[in-house]
Amino acid sequence: MAANLYETLGVKKDASADEIRKAYRKLARKHHPDVNPDNRAAEDKFKAISTAYEVLSDDKKRADYDEFGDDALHGNFDAARARAAAASASAHGRWPRNPRSGGGFDPFGGAGGFSDVADMFNRRRGPSRGQDIHAMFQMDLRQAVEGAEVSVEVPEQGTVRVRIPPGADTGSVIRLAGRGQPGDRGGPPGDLVIETEVRPHPVLRREANDLYLTLPVTLDEAYNGASVDVPTFDGTVVLKIPPRSQNHARLRLRGKGIARKSTRGDLFVELDVRMPDQPDDDLAAALKASTAAYAKPVRDDLIL
């Protein structure tokens with residue numbers, strides 16, 4: 001690779017896994033072929049970002065890259081054999097300086113990165129697995145909740161049909177085995193790895209498998225109580241509002257959240273008590289008279 005993988009993602013070498021994931025998502029959204037149609041530079045950048053993320057998001061691959069640099073990116077690379085080759089070269093006093101690091105010694109020997117020992121190792125190599133191809137897919141919350149069969153644009157492959165399982169979330173990964181880059185020397189191909197991103201919903205908020213909905217209610221419904229219809233992804237359900245419910249009171253509809261594998265979340269409904277938007281003399285008089293119905297002044301506990 002011509003560029004340092006950490007520089008490709010714009011992160012430091014000691015970046016956490018979460019920092020690497022966030023950097024990848026940000027850059028992938030910016031350079032994705034869907035956002036930059038017919039832009040070869042953006043497509044090449046997206047490939048470089050995906051390759052960097054494939055390595056740095058894998059603990060073993062990242063450790064090998066940190067130890068051996070670009071040499072670890074070859075599809076046939078074997079860290080144990082590389083260390084053995086380095087040990088053999090060291091035993092024979094063959095430790096020229098490493099041009100890649102600008103100092104120290106090259107465990108493979110030779111002025112060009114791979115020594116005769118490493119080259120011999122490469123000639124003995126067998127079939128190697130191809131690299132994974134990474135792609136992203138943005139979806140609506142309903143698609144994430146219910147699951148869907150969608151079309152995903154994949155670099156070099158065009159449109160690919162993918163089944164998104166119910167309960168997917170931002171960061172969920174669908175792996176299609178054998179749909180990545182072909183392997184070397186007849187080795188197996190890599191996988192197609194698709195990461196999902198769920199768009200914000202205009203009404204619902206999601207936290208894990210729970211959903212949150214702000215429900216407008218009238219003064220009458222809040223004070224006297226009522227049974228009101230609430231929309232869910234399973235259809236309309238009836239919610240009972242207790243008498244004298246306060247503004248922002250939170251009620252729970254169990255099992256009306258997101259189903260994922262063997263668990264299912266809840267739907268939390270927060271009441272938004274709406275004042276009438278037209279003048280009414282009788283209502284105004286009734287509200288003034290209602291002061292006597294409070295057990296104590298409403299601002300009695302407001303102390304700084």
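One hydrophobic cluster, built from ILVMFWY side chains closer than 4.5 Å, cannot hold both Val150 and Met136; they sit in different ones. Hydrophobic clustering (ILVMFWY, side-chain heavy atoms < 4.5 Å, transitive): Val145 and Phe137 are in one cluster. Linking ILVMFWY side-chain heavy atoms closer than 4.5 Å, directly or via other members, places Ile133 and Val162 in a single hydrophobic cluster. Taken together through direct or relayed side-chain contacts under 4.5 Å among Ile, Leu, Val, Met, Phe, Trp and Tyr, Leu192 and Phe46 form parts of separate hydrophobic clusters. Residues Met139 and Val193 are members of separate hydrophobic clusters, defined by side-chain heavy-atom contacts under 4.5 angstrom among Ile, Leu, Val, Met, Phe, Trp and Tyr.
With a 4.5 Å cut-off on side-chain heavy atoms, Val173 and Ile194 do not count as touching. The shortest side-chain heavy-atom distance between Leu176 and Val160 falls under the 4.5 Å cut-off. By the 4.5 Å heavy-atom criterion applied to side chains, Leu283 and Met275 are not counted as neighbours. Using a 4.5 Å cut-off on side-chain heavy atoms (C-beta onward), Arg29 and Gln138 make contact. With contacts defined as side-chain heavy-atom distances shorter than 4.5 Å, the pair Val230/Thr236 does not qualify. Residues Pro165 and Ile174 form a side-chain contact, since some pair of their non-hydrogen atoms from C-beta on lies under 4.5 Å apart. Arg260 is listed as a side-chain neighbour of Ser172, based on a closest heavy-atom distance under 4.5 Å. Within the 4.5 Å cutoff, the side chain of Asn224 has no heavy atoms near those of the Pro243 side chain.
When all heavy atoms of Leu213 and Val203 are compared, the pair lying nearest together is CD1-CG1, 3.0 Å. Residues Val238 and Ser227 come closest through the heavy atom pair CG1-CB, 3.7 Å. Here the closest heavy-atom approach between residue Leu5 and residue Tyr65 is recorded as N-OH, 3.1 Å. For the residue pair Lys240 and Leu251, the shortest heavy atom distance occurs at O-CD1, 3.9 Å. Of all non-hydrogen atoms in Ala168 and Ile164, the two that sit nearest each other are CB-CG2, 3.7 Å. For the residue pair Asp132 and Arg175, the shortest heavy atom distance occurs at OD2-NH1, 3.1 Å.
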- Message: Before you tell me yes or no, could you show the steps for Leu204 and Leu141 under side-chain contact (heavy atoms from CB on, under 4.5 Å), namely the whole-Å CA-CA distance, both residues' side-chain angles and the distance that decides it to 0.1 Å?
- Response: CA-CA 9 Å; Leu204 291 167; Leu141 180 59; 4.0 Å; yes
- Pair Leu267-Thr232, side-chain contact (heavy atoms from CB on, under 4.5 Å): steps then yes or no: CA-CA 8 Å; Leu267 172 61; Thr232 76; 3.7 Å; yes
- Task: Please assess Asp66 against Tyr6 for the test side-chain hydrogen bond (donor to acceptor under 3.5 Å, both in side chains), listing each intermediate value before the final yes or no.
- Result: CA-CA 10 Å; Asp66 288 344; Tyr6 292 98; 2.6 Å; yes
- Decide salt bridge (charged side-chain N to carboxylate O under 4.0 Å, His left out) for Arg62 and Asp58; before the verdict, give the C-alpha distance in whole Å, the side-chain angles of both, and the deciding distance to 0.1 Å. CA-CA 6 Å; Arg62 182 179 181 180; Asp58 184 295; over 6 Å; no
- Show the numbers, then the answer: is there a side-chain hydrogen bond (donor to acceptor under 3.5 Å, both in side chains) between Thr159 and Glu153? CA-CA 5 Å; Thr159 302; Glu153 289 298 322; 2.3 Å; yes
- Task: Just do the side-chain contact (heavy atoms from CB on, under 4.5 Å) check on Ile258 and Arg264 with the steps written out, would you?
- Result: CA-CA 5 Å; Ile258 297 172; Arg264 180 150 193 170; over 6 Å; no
- Item | Test side-chain contact (heavy atoms from CB on, under 4.5 Å) applied to Glu195 and His134, step by step | CA-CA 8 Å; Glu195 183 174 354; His134 291 262; over 6 Å; no
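Heavy atoms from other residues, nucleotides or ligands lying under 6.0 Å from CG of Asp300 number more than 12. The 12-atom threshold is not exceeded at OH of Tyr223, counting heavy atoms of other residues, nucleotides or ligands nearer than 6.0 Å. Within 6.0 Å of atom CZ in Arg163, more than 12 heavy atoms from other residues, nucleotides or ligands are found, so the atom counts as buried in its surroundings. Atom CD of Glu149 is surrounded by more than 12 heavy atoms from other residues, nucleotides or ligands within 6.0 Å. Around the CG atom of Asp281, the shell of radius 6.0 Å holds no more than 12 heavy atoms that belong to other residues, nucleotides or ligands. Within 6.0 Å of the NZ atom in Lys22, the count of heavy atoms belonging to other residues, nucleotides or ligands does not exceed 12. Within a 6.0 Å sphere centred on CZ of Arg40, heavy atoms belonging to other residues, nucleotides or ligands number 12 at most.
In this structure, Glu146 contributes its side chain and Gln143 its backbone to no donor-acceptor pair below 3.5 Å. For the pair Thr51 (side chain) and Lys47 (backbone), a donor-acceptor distance under 3.5 Å is present. Between the side chain of Asp280 and the backbone N or O of Asp282 there is at least one donor-acceptor pair closer than 3.5 Å. Side-chain atoms of Glu19 come within 3.5 Å of backbone N or O of Ser16 as a donor-acceptor pair. Between the side chain of Glu43 and the backbone N or O of His31 there is no donor-acceptor pair closer than 3.5 Å. A donor-acceptor pair under 3.5 Å is absent between the side-chain atoms of Tyr24 and the main chain of Ala52, judged by distance alone. Judged by distance alone, the side chain of Thr8 and the main-chain N or O of Ile49 form no donor-acceptor pair under 3.5 Å.
Exactly one of Arg252, Arg250, Arg206 qualifies for a salt bridge (charged side-chain N to carboxylate O under 4.0 Å, His left out) with Asp266. That residue is Arg252. Tested against Val217 for a side chain to side chain contact (heavy atoms under 4.5 Å, CB included), the candidates Asp272, Val273, Val269, Leu239 yield a single pass: Val273.
With rounding to the nearest 0.5 Å, the separation of OG in Ser128 from CG in Asp184 is 3.5 Å. Taking CG from Asn4 and NZ from Lys13, the interatomic distance works out to 8.0 Å, rounded to the nearest 0.5 Å. A distance of 5.5 Å separates CD in Gln157 from CZ in Arg179, rounded to the nearest 0.5 Å.
Using a 30° and 60° split on the angle between ring planes, Phe268 and Tyr212 fall in the parallel class, below 30°.
Remark: Arg21 engages Asp18 in a salt bridge, criterion side-chain N to carboxylate O under 4.0 Å. Electrostatic pairing of Arg25 and Glu197 does not count as a salt bridge here, judged by no charged N lying under 4.0 Å from a carboxylate O. Arg129 and Asp191 are joined by a salt bridge, as a carboxylate oxygen and a charged side-chain nitrogen come within less than 4.0 angstrom of each other.
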